[in-house]
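Here's the structure we're looking at; comments come further down.
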Amino acid sequence: MDAVAALNEIAFWLERGRAATFKVQAFRKAAGVIAGLDPAEVEARARDGRLKSMKGIGDRTYQVVRQAVDGEVPDYLADLRQRGSEPLADGGAELHAALRGDLHSHSDWSDGGSPIPLMAEAARILGREYLALTDHSPNLTIANGLSVERLTEQLDVVAELNTGSKDAGDTNGFRLLAGIEVDILESGELDQSPEMLDRLDIVVASVHSKLRADRTTMTQRMLGGIRDPHTNVLGHCTGRLVEGGRGTRPQSEFDAGKVFAACAENNVAVEINSRPERQDPPDDLIQLALEAGCLFSIDSDAHAPGQLDFLQYGAARAALNDVPAERIVTTWPLDRLLQWAGKA
């Protein structure tokens, strides 16, 4: 078995299972170390023990490489595969199977932990037909948001990956969509130039700051972002955190009736964010959005390859709330999705 692939797959299963970041990074780092070596050298170093002395290789990662170069599936990987065969969420399996894509993901260009090609490959392996790469916008400096210049560079990377996929004869027709998670500024404007937003396939608009603003202020801010003609998806609308290492955070206060009416009127999908620590929107707001006639987008908000499988959580919540599959844009084929987004 390819040792680099084994290490990266272990990291994938650990991410999917919400393991501590340092554990995941140990395997990603080890994969990076040996990826720069000739396979014959990796094999020789693993067999004579020299690999142990290399920076970034620990006892566990060495054992994984040693078993891989011997042609075995490493024991640790086999165990993770077995545990990973169980579904992440209770319910929603039929809806999860209907999902074709994911419109919210991050790479190491902003605050994600993995390179763009690794994110795209994981989505393809999971059976996605499309994945929108939506790194953050400039205002979110804490997340290394992308300037116009950096986003322009990223568009070239996305185009090159898609061209390479076609040249390789990708029979699944996977496509990486150019996108952004753009901050809705306090003024209600979007944190990126209109010219740049015009070049993107998908725009997810989210509020990331001043989340405790009063109800009127927050409502007007969100309405500004929703009414911008570039916005396709309203991301994690309440901003709440219900669990996880970042602690908890109450949901923002806003007039949900006005916000969801604006989403329906402006053809903006309400995101059902699949991250376990967000579970956003809460069930009562999903019901309000349903009554308002909104479309929905079940998204992973993945910051690592293994988190792309979090769509199971979002599908379970959508199914629990009886959201029809037809009103979930990520069940649509790519052509229909791009037509809806105005990019056909």
Side-chain angles (χ1 to χ4, degrees), residues 2 4-5 7-9 11-12 15 28 31-32 35-36 38-39 99-138 144-182 192-204 230 232-233 297 299-309 311 329-344:
D2 180 77
V4 174
L7 291 165
N8 278 325
E9 186 179 344
F12 170 89
E15 289 160 349
R28 293 275 183 220
D38 184 273
L99 295 176
R100 295 172 179 262
D102 184 348
L103 301 185
H104 189 168
S105 69
H106 299 274
S107 75
D108 59 2
W109 282 57
S110 64
D111 63 342
S114 294
I116 296 170
L118 207 57
M119 295 294 292
E121 178 64 9
R124 188 190 65 78
I125 290 172
L126 284 169
R128 310 283 177 253
E129 296 176 20
Y130 50 86
L131 172 69
L133 177 64
T134 55
D135 280 317
H136 289 286
S137 61
N144 195 26
L146 273 60
S147 63
V148 168
E149 293 75 20
R150 292 182 64 220
L151 184 52
T152 299
E153 291 177 25
Q154 189 179 85
L155 293 184
D156 292 336
V157 174
V158 170
E160 185 176 349
L161 280 171
N162 285 326
T163 299
S165 180
K166 289 180 182 178
D167 291 345
D170 181 6
T171 56
N172 291 329
F174 174 81
R175 176 151 163 202
L176 185 63
L177 301 176
I180 190 173
E181 184 182 14
V182 63
Q192 189 51 272
S193 72
E195 295 77 17
M196 194 74 245
L197 295 175
D198 281 337
R199 299 180 61 186
L200 305 177
D201 298 312
I202 292 294
V203 173
V204 178
H230 296 97
N232 304 120
V233 179
S297 181
D299 298 326
S300 67
D301 193 0
H303 286 63
Q307 295 173 3
L308 289 165
D309 211 16
L311 287 185
V329 300
T330 41
T331 68
W332 297 352
L334 180 59
D335 288 349
R336 182 181 176 188
L337 179 91
L338 292 176
Q339 185 176 20
W340 161 75
K343 301 297 181 179

Donor-acceptor pair, side chain of [X] and main chain of [Y], under 3.5 angstrom:
X: T134; Y: S105; value: yes
X: D301; Y: H104; value: no
X: D201; Y: A178; value: yes
X: N144; Y: D111; value: no
X: Q307; Y: H303; value: yes

Could you check V148 against E153 for side chain to side chain contact (heavy atoms under 4.5 Å, CB included), going step by step and ending with a plain yes or no?
CA-CA 9 Å; V148 168; E153 291 177 25; over 6 Å; no
Do the non-hydrogen side-chain atoms of [X] and [Y] ever get within less than 4.5 Å of each other?
X: R150; Y: T152; answer: no
X: E121; Y: I125; answer: yes
X: L311; Y: R128; answer: yes
X: R100; Y: Y130; answer: yes
X: Q154; Y: L133; answer: yes

Which atom names give the shortest non-hydrogen contact between [X] and [Y], and what distance separates them?
X: M119; Y: P305; answer: SD-N, 3.4 Å
X: F174; Y: R124; answer: CB-CG, 3.9 Å
X: L126; Y: F12; answer: CD2-CZ, 4.0 Å
X: V329; Y: S297; answer: CG2-CB, 3.7 Å
X: P194; Y: H230; answer: O-NE2, 3.4 Å
X: L146; Y: Q192; answer: O-NE2, 3.5 Å

S300 versus D102, side-chain donor and acceptor atoms under 3.5 Å
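Short answer, yes.
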Is there a donor in the side chain of S114 and an acceptor in the side chain of D108, or the other way round, less than 3.5 Å apart?
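Note: S114 and D108 side chains miss the donor-acceptor criterion.
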Please report the interatomic distance [atom1]([X]) to [atom2]([Y]), rounded to the nearest 0.5 Å.
X: L131; Y: T330; atom1: CG; atom2: OG1; answer: 11.5 Å
X: I202; Y: N232; atom1: CD1; atom2: CG; answer: 4.5 Å
X: R175; Y: E129; atom1: CZ; atom2: CD; answer: 12.5 Å
X: I180; Y: R199; atom1: CD1; atom2: CZ; answer: 12.0 Å

Side chain to side chain contact (heavy atoms under 4.5 Å, CB included) between M196 and L151, worked out:
CA-CA 8 Å; M196 194 74 245; L151 184 52; 3.5 Å; yes
Quick one: side chains of residues 335-344, donor-acceptor pairs under 3.5 Å with protein atoms, not counting sequence neighbours, listed by atom name and distance.
unit_1: R336; atom_1: NH1; unit_2: E326; atom_2: OE2; d: 2.8
unit_1: R336; atom_1: NH2; unit_2: E326; atom_2: OE2; d: 2.7
unit_1: W340; atom_1: NE1; unit_2: N267; atom_2: O; d: 3.2
unit_1: W340; atom_1: NE1; unit_2: N267; atom_2: OD1; d: 3.3
unit_1: K343; atom_1: NZ; unit_2: D198; atom_2: O; d: 2.8
unit_1: K343; atom_1: NZ; unit_2: L200; atom_2: O; d: 2.9

V204 vs V182, side chain to side chain contact (heavy atoms under 4.5 Å, CB included): CA-CA, chis, key distance, verdict
CA-CA 6 Å; V204 178; V182 63; over 6 Å; no
